[in-house]
Amino acid sequence: MLVKQISVFLENKSGRLAEVTKSLAAGGIDISALSIADTKDFGILRLIVNDPEKAEKALKNDGFTVSCTNVIAIAVEDRPGGLSEALKVLDDNSIGIEYMYAFVGKTSNKALVILKTEDSEKAIKSLEASGIHVLPSKQVYKL
Amino acid sequence: MDYWNETYECMSRGEMTRVQNDRLANTVKRIFHNVSYYREKMQKNGVEPSDIKSIDDLRKLPFTYKQDLRDTYPYGLFALPLSEIVRIHVSSGTTGKQTVVGYTMKDIDTWSEAMARALVCAGTDRHSFIQIAYGYGLFTGGLGVHYGAERIGASVIPISGGNTKRQIQIMRDFGTNILACTPSHALSMVEELEEMGVRKEELSIKAGVFGGEPWSENMRNEIEERLGILAIDIYGLSEVIGPGVASECECKCGLHIPEDHFIPEIIDPVTEEILPPGSTGELVFSTITKEGLPLLRYRTRDISSLACDKCDCGRTAVRMSKVSGRTDDMLIIRGVNVFPSQIESVLLEMGETAPHYQLVIDRKDNFDFLEILVEMTPSLFSDEVRELENIENKIRHEIQGTLGISAGVRLVEPKTIERSMGKAKRVIDKRKT
């Protein structure tokens, strides 16, 4: 169920983000979700792509520092309170969230969210037990 | 235990002193008669060649500074007619005008001898394949090691510097046993090796002869571990002869100096007094066999100390400690003396950082600011901001603890710090004084 997310270290310099996307484009990689965490000096770009291994290789070849992290993708009802229900499950089970971000698109009438939690296995079990739809990685890579 | 020249490398102190006394007296006579620059300096101090009978008289002799070589550029300090000179090299010095050194046929022979001793110290023999990745050309590194290796009868791979991928390919395909290059180049080879997916087991390399720039004990550990080799420190400067002025043996407890050719002294760089054995100060060399460019009491600007006791390897040749900094590299930041090598040690003690770093010093409102740029490495990288900020804070804290000054720390992308000739540019001083 765990989805492979690609993280890239970027200095806060103009043009670096464009370089990353250029490298991915050249490798024929499709991006389906992304987020940037940044500080004054550097940022971490997190990406969900159709082929994580290929993306990691392409970026490394172009000299970027890249790592691969396991994250969870869930589909929540696209209505007020939809996300809140899912997060309540994690809170009830005392599972901390390190970060989260939303997908660019959505499937049917559900909104897609990427979560990085403390104990991924436990998080997936709790979410599924409460009827939250956790997306299989294969389905995520096809989005 | 193998020696290249057991007679001189394991000579008793008394015998060595006699050899040095004779050779020094002869050298001073020759210099006095053949080099007007030295003659005038000595006459000004009221010193005659007959005053120099033993190494105890060294203190009567004038120092030679880099500036003396510049002032007499190009050939003013040569002691023989130019027709006797068979080779010219220039100093690799990065500061100021380049200086020229010249070798007679006998000097090339002396150099090969010194370098052969150094390579044997690292375990080289006539069966070894030695990959020489120091630059060939005007820089003494490549050809110096080359002649020493040929003297031993080793198989030389004269690949010269640069092109890390090709270095690794050749290292693997040709079965290199000994690698000679700058330590920072060795480290980039290790990185490239891992990137190319070449395992150290595929290589036949046993030892590395690394020099040409200061490096720390931790950098040695990193190279030794990641490459599975013995990493030996070698020292040299073109003014004295080139690489081979000193080299470690496998005991790694100081670099043996072929003192039947080069007499070392340690002095206080400010008072210029000779310091007793064991003291740390500026390393000074007098050459006592060189013909083309013999130098008296040459100020290296390198910080080191000397140990005269017999080494576990059996050699009695005096040992200099690994150079810990340069008197002219020394930065004064907010009144504190800082050597870039101290900062390197801090970074390496973190155990996580490959040692590519750069110090940027600037002055704002009469206050010095030190910023340390540290290149990101795969092992250091985390996808959480908090973790990366922790690393920055940890380095900042360690620097404060070691140097007693505060510094800004910034993580930068790999390969953003400029390298030239395999040497990383460590310091950018933007202060206008």
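Order of the sequence lines fixes the chain letters, A, B, ..., with proteins taken first and strands second; residue numbering starts at 1 for each chain. From a predicted model like this one, the values you see are computed outputs, not experimental measurements.
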More than 12 heavy atoms of other groups within 6.0 Å of [X] [atom1]:
| X | atom1 | answer |
| --- | --- | --- |
| R334(B) | CZ | yes |
| K13(A) | NZ | yes |
| Q400(B) | CD | yes |
| K200(B) | NZ | yes |
| K122(A) | NZ | yes |

4.5 Å side-chain heavy-atom contact, [X] and [Y]:
| X | Y | value |
| --- | --- | --- |
| T377(B) | T65(A) | no |
| K60(A) | E195(B) | no |
| R16(A) | E413(B) | yes |
| P414(B) | F64(A) | no |
| E384(B) | T69(A) | no |

Per-residue contact mode, [X] against chain B (heavy atom under 4.5 angstrom):
| X | value |
| --- | --- |
| K40(A) | neither |
| L10(A) | both |
| E98(A) | side chain |

Could you tell me the separation between the CG atom of D41(A) and the CD atom of E392(B), rounded to the nearest 0.5 Å?
6.0 Å
Distance check, rounded to the nearest 0.5 Å: D383(B) atom CG versus F9(A) atom CZ?
13.0 Å
Per-residue tally against chain B (heavy atom, under 4.5 Å) across N61(A), V8(A), D38(A) peaks at V8(A)
Go through it in stages, so that I can follow the logic: the residues are V66(A) and F381(B), the test is side-chain contact (heavy atoms from CB on, under 4.5 Å), and I'd like the CA-CA distance, side-chain angles, deciding distance and then a yes or no.
CA-CA 8 Å; V66(A) 186; F381(B) 183 50; 5.8 Å; no
To check you understand the geometry: which heavy-atom pair defines the closest contact between E389(B) and T39(A), and what is its length?
OE2-CG2, 3.2 Å
By a 4.5 Å heavy-atom criterion (distance strictly below it), what part of T416(B) contacts chain A: side chain, backbone, both, or neither?
side chain
